[in-house]
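Input: a single structure, listed below in structure tokens.
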Amino acid sequence: MSDPQLWLAAAEIGCFFALVALSIYLVVVGASFFNFAAGPYAMAAALLAGYAGAHWGVPILLGALLGIALAVGISLLTEIVVVRPVQRRSGGAELPALVAVTATLFAIQQLAGTILGRTPVSVANLVPVPDFRVSSVSVQGTTAIIIVVTVVVLLATVVWLRTTSTGQLLRAVGDNHEAARMIGVNVARVRLWAFGISGAVAGIAGIVFAAKSGAQFTSGLSWTLTGFLALVVGGTGKPWAPLIGGLALGWVQVFGSFYFGATGSSVAIFLVALVFFAFRPEGLFQRKVRV
Amino acid sequence: MTTAVITTTRPAARTALGELGICLAVVAVVLLWMGPSLYRQDLVFLAATYALVALGMYLPFVLAGSLSMAYSAYAAIGAYAVAYLSVKQNLSPWWGWLAGMLVAGAVALVLAIATRKLSGFYLAAVTLLFAIAFEHWLGDATTITGGASGISGIPVPSLFGWDPPRYAQVVAAIGFVCAIAVMIDRLRRSAWGLSLSAARENAPAVQSTGISPTHLTVVALTVGAAIASTGGALFTVSVQAVTPETFGLDLVFLAIFMPIIGGRGSAWGAPLGALIVVGVTLNMPGYQGSGELLLAVVVLVILLLAPGGAIGWVHRILQRFTSSRNQNRR
């Protein structure tokens, strides 16, 4: 418990969870809908970045841009082709949206596996930082990039939400899209922004984390689950809540698997989910409920 | 749900005859398709396994509207119960079938009570996490499950000392799926089934009549898990071995898709969807995985354009046909 190396590993994976959670958070706020396809966006972006590097000899920065563009593209497509029609027909009911997004998740995974290959892909680090030591802790270059990128992306997202008019309208649309439409907000456009930024965040998350862990077409599902869980633990009240949730979950995952093995960590994650979903589904940081 | 009202008013004898007719037709069609091909026999077994898992999910998912995704774990419990009792304890495999249903039902009961306040995304996520943790555990608990290599050499159950040949096993498997489908379809039309689907649409209304929606859902999840475990048990008859990866998460996704593809209006949509899924994923030219991609796309298209699935689609064509005939008569 006092090994700083483990704490660093927890922070690293926690940052990744936080980014996926942030991606889901943006769609929750804008469209009151948990986008389970966020993990597959991250996976697809990482796969494309790795694939472009290995097959086309593209430098990683360009590959990353391609990957992020792909993630944004499929995120927008999800909204236009799947979420919007299903929500319109079901009147915002939960189950049809859930089934549709599950099918989307599966479709993206299979599509990525079919086009980009089913073998694990390694992705180069975004910026070639050499491994270094801080007193007794050795820090890998990939770890440093993950943490720095998370902080930058989170700050940029918070600034976008707080200062731009689209960002400020996001919550209005998510809370009550009818009322927002009534006062003249272009609801469809605001939601497209939410999905687009969400896709970009997921893509960045996948690319920086894949430099550490590699990516495979099946990675998306577990990424979605931990991201969703991080969001539930953190709560949807504040844009930085996903970071707290992600770090907490990263801590459980790293220390759980260190002390109890892989089974112990998956059981611990399941128990965290059960406890939080049952007793505090609104998360640690909730926003005030107006009735 | 409008068809349910019409069918309940039919005389019981006619209903039973109709069900028998459907069952015989299903058995005949599947046997005709299978022919003497051993590969297709394996496919039929796989389709029967999928169909049982999908039928298990039918009650909670389609009727009660609560999407539990722990069904790969329940199928694994059924298979491991048969494997453990027959290989490690030298009991008849039939005890494994029974024990699997009881254990899967008990696990589902505990999980359903623990998650009774959850619905939608929360329920799906927590049950999926349970399925993942369970798969890890299967690989770890070496003394019971044989660890990562699983248990092999599972005997085929005999019937009063008679060891049925492979062909008879296949026929029995199809018959078993038909029997379960008839049972679930009757449950769907029963007062219990109607209140289950009413609770999905309007829980407060059901509660106000003195029925607890939570109770309905918990029972549906428990019964569904027991049925799904027989799917796992049936699979051991075909393959005679089981490993932690035998029932992966892909199975859960496919099982969600089956009633959607087949049609949600009737329990028969689940086995029909299972046949289509097996046909598309394993019996298609092209390389591995292209079938699953096609399925996912088909499901999205069905969700967006034809929510009735295959059965609903046929129904609509028949209705159009009969209504135009009626018009001609006039």
Side-chain angles (χ1 to χ4, degrees), chain A residues 24 28 33-36 78 81-82 85-86 89-90 93-115 118 217-218 221-222 224-229 231-232 260-279 281, chain B residues 61-62 64-67 69 111 114-141 200-201 248-250 252-254 256-257 259-260 264 286-305 307:
Chain A
I24 301 176
V28 170
F33 165 77
F34 287 110
N35 191 2
F36 274 14
T78 312
V81 179
V82 181
V86 166
R89 213 185 40 208
S90 64
E94 207 170 34
L95 193 68
L98 172 59
V99 174
V101 78
T102 311
T104 310
L105 188 163
F106 195 79
I108 296 174
Q109 283 199 354
Q110 295 299 330
L111 199 62
T114 306
I115 297 174
R118 290 169 187 274
F217 75 106
T218 47
L221 177 62
S222 61
T224 287
L225 280 175
T226 36
F228 174 60
L229 196 51
L231 183 62
V232 172
F260 307 108
T263 307
S265 115
S266 58
V267 170
I269 298 261
F270 163 65
L271 290 180
V272 168
L274 202 57
V275 166
F276 259 90
F277 290 1
F279 295 109
Chain B
F61 168 45
V62 179
S66 58
L67 180 54
M69 296 181 86
L111 194 61
T115 58
R116 68 189 181 283
K117 286 181 188 166
L118 306 181
S119 66
F121 291 92
Y122 293 92
L123 183 67
V126 81
T127 45
L128 205 52
L129 287 167
F130 172 80
I132 292 173
F134 190 80
E135 202 180 320
H136 275 286
W137 178 81
L138 284 178
D140 265 14
R200 177 197 59 203
E201 298 296 337
L249 289 177
D250 267 13
V252 185
F253 284 99
L254 294 179
I256 296 172
F257 296 164
I260 295 173
R264 279 171 286 187
Y287 63 96
Q288 177 227 349
S290 56
E292 294 192 337
L293 172 62
L294 183 67
L295 272 186
V297 174
V298 164
V299 166
L300 279 176
V301 170
I302 288 180
L303 279 175
L304 295 171
L305 301 177

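Labels below follow one simple rule: chain letters A, B, ... track the order of the sequence lines, proteins then strands, and each chain is numbered from 1.
Taking B/S66, B/A114, B/G120 one by one and counting their heavy-atom pairs under 4.5 Å with chain A, the maximum is reached by B/G120. Of the residues considered (B/L128, B/D250, B/I132), B/L128 shows the highest number of contacts with chain A, using heavy-atom pairs under 4.5 Å. Most heavy-atom pairs under 4.5 Å with chain B: of the set A/T226, A/L221, A/T224, this distinction falls to A/L221.
In this structure, B/R200 contributes its side chain and B/V62 its backbone to a donor-acceptor pair below 3.5 Å.
Heavy-atom distances place the side chain of B/L254, and not its backbone, under 4.5 Å from chain A. If you measure heavy-atom distances from A/L274 to chain B, the contacts under 4.5 Å come from both the backbone and the side chain. The parts of A/V99 that come within reach of chain B are both its backbone and its side chain, each placing non-hydrogen atoms under 4.5 angstrom from that chain. Residue contact with chain B, scored on non-hydrogen atoms closer than 4.5 Å, involves the side chain of A/L225 exclusively. In this structure, chain B has a heavy atom under 4.5 Å from the side chain of A/L229, while its backbone stays farther away. For B/F134, no part sits under 4.5 Å from any heavy atom of chain A, backbone or side chain. The contact between B/A125 and chain A is made by backbone and side chain atoms together, counting heavy-atom distances below 4.5 Å. With a threshold of 4.5 angstrom between heavy atoms, B/F121 approaches chain A through its backbone and through its side chain. In this structure, chain B has a heavy atom under 4.5 Å from the side chain of A/F228, while its backbone stays farther away. Neither the backbone nor the side chain of A/S265 comes within contact range of chain B, judged by heavy atoms closer than 4.5 Å.
Contact between A/A100 and A/V86 at its shortest, heavy atoms only, is CB-CG2, 4.0 Å. Contact between B/A296 and A/A103 at its shortest, heavy atoms only, is CB-O, 4.1 Å.
Aromatic ring centroids of A/F34 and B/Y122 lie under 6.0 Å apart.
Contact of the B/L295 side chain with the A/Q110 side chain is not registered, since no non-hydrogen atoms from C-beta on lie closer than 4.5 Å. A heavy-atom distance below 4.5 Å is not found between the side chains of B/L67 and B/L123. A 4.5 Å side-chain heavy-atom check between A/V82 and A/V101 finds every atom pair outside the cut-off. Contact check for A/L105 versus B/F253: side-chain heavy atoms found under the 4.5 Å cut-off.
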- Determine, step by step, whether B/V126 and A/F270 satisfy the side chain to side chain contact (heavy atoms under 4.5 Å, CB included) criterion, reporting the C-alpha distance in whole Å, the side-chain angles of both residues, the deciding distance to 0.1 Å, and the verdict. CA-CA 7 Å; B/V126 81; A/F270 163 65; 4.1 Å; yes
